[in-house]
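Below you'll find the structure, written out as structure tokens, and then a few comments.
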Amino acid sequence: DAGITQSPRHKVTETGTPVTLRCHQTENHRYMYWYRQDPGHGLRLIHYSYGVKDTDKGEVSDGYSVSRSKTEDFLLTLESATSSQTSVYFCAISEGTSSYEQYFGPGTRLTVT
Amino acid sequence: GQNIDQPTEMTATEGAIVQINCTYQTSGFNGLFWYQQHAGEAPTFLSYNVLDGLEEKGRFSSFLSRSKGYSYLLLKELQMKDSASYLCAVRDGDYKLSFGAGTTVTVRA
């Protein structure tokens, strides 16, 4: 299994509070991704990174920001959490092989009350 | 934008065969992936097709037709542990994937 961890694994927070989720990898893979997964929508890309300090927006980036100061860590921040951001968040990594297949972390279940 | 369609749910009997179809309309195409996701767990990689044809991996096979924008995942000799969601994903350009909503397969005894 790819060495990917996410923290925290579960979090309950109140509307309006800032929240940071962490993704940590030990594979030295170049590409990292944050997804959210909601019933009926599948996995939707929030932000991704193609190197240290190189990030870009995905299809559902509003209300989220990211940072990558080291190869192994990719942080996702909700500046002011809203109930619509209640979801399961997955981090994924990939390397520059021919397929760019992605390996997923265990997920973080976030509830915004 | 990307449009990736797959059935929402399928039910089959243990020992049987199930075929999960995926159709896609994307701005580009650089490969199609299938992932398996058990309830409450992370998706895990099953297969990758970039050329037309069938790729076989044990009880699982995946087929691709690029001209038709179509793929299927074939699960043979179904086991109870195959009850899961199966996600179709397309790499349309560089290294990002676009996912379908997933197909929940229920295997009954």
Side-chain angles (χ1 to χ4, degrees), chain A residues 1-7 9-10 21 23-25 27 29-51 54-61 66 74 87-109, chain B residues 1-9 20-24 26-51 55 57 60 62 64 66 71 73 84-105:
Chain A
D1 291 342
I4 314 170
T5 56
Q6 293 184 229
S7 58
R9 294 292 314 279
H10 301 272
L21 309 182
C23 177
H24 178 77
Q25 60 145 329
E27 304 296 320
H29 282 6
R30 177 180 176 187
Y31 304 95
M32 298 186 76
Y33 315 80
W34 275 109
Y35 293 90
R36 60 177 290 173
Q37 187 173 39
D38 306 288
H41 289 280
L43 286 160
R44 292 182 291 175
L45 184 64
I46 306 171
H47 282 279
Y48 60 98
S49 171
Y50 46 95
D54 291 323
T55 65
D56 207 344
K57 296 178 179 180
E59 62 177 299
V60 290
S61 60
V66 290
F74 193 32
S87 187
V88 179
Y89 292 85
F90 286 102
C91 173
I93 62 174
S94 69
E95 192 43 274
T97 60
S98 59
S99 65
Y100 290 91
E101 66 192 61
Q102 295 184 13
Y103 299 94
F104 287 81
T108 295
R109 182 172 295 276
Chain B
Q2 322 299 12
N3 190 18
I4 301 170
D5 290 320
Q6 48 182 131
T8 303
E9 295 180 337
I20 306 168
N21 296 325
C22 173
T23 58
Y24 62 90
T26 56
S27 54
F29 182 83
N30 268 324
L32 188 140
F33 297 78
W34 285 96
Y35 283 82
Q36 180 189 58
Q37 185 177 25
H38 286 100
E41 298 183 7
T44 55
F45 170 76
L46 282 179
S47 68
Y48 169 67
N49 295 69
V50 67
L51 299 176
E55 295 280 342
K57 272 188 184 181
F60 293 3
S62 56
L64 175 67
R66 289 173 296 170
S71 173
L73 180 69
S85 285
Y86 292 85
L87 314 178
C88 173
V90 173
R91 181 157 71 92
D92 61 353
D94 38 26
Y95 42 85
K96 302 191 298 294
L97 299 183
S98 295
F99 284 83
T103 300
T104 300
V105 171

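Chain naming here is simple, since letters A, B, ... match the order of the sequence lines and numbering starts at 1 in each.
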Next on the checklist: Which atoms of A:Glu59 are under 4.5 Å from chain B, going by heavy atoms: the side chain, the backbone, both sets, or neither?
Outcome noted: neither
Item to check | Nearest heavy-atom neighbours spanning B:Gln37 and A:Phe90 | outcome: NE2-CZ, 3.6 Å
Checklist outcome for this item: When rounded to the nearest 0.5 Å, the distance separating OH of B:Tyr48 from CD of A:Glu101 is 9.5 Å
Next on the checklist: Minimum heavy-atom separation for A:Gln102 and B:Tyr35, please, with both atom names.
Outcome noted: O-OH, 2.8 Å
Next on the checklist: Can you tell me which portion of A:Leu43 sits under 4.5 Å from chain B's heavy atoms? Options are side chain, backbone, both or neither.
Outcome noted: both
Checklist entry - Less than 4.5 Å apart, any side-chain heavy atom of A:Tyr48 and any of B:Leu97? => result no
Checklist entry - Taking all atoms of both residues into account, what is the closest heavy-atom pair of B:Ala42 and A:Phe104, and its distance? => result CB-CB, 4.0 Å
Checklist entry - With a cut-off of 6.0 Å (strictly less than), are more than 12 heavy atoms of other residues, nucleotides or ligands near CZ of A:Arg109? => result no
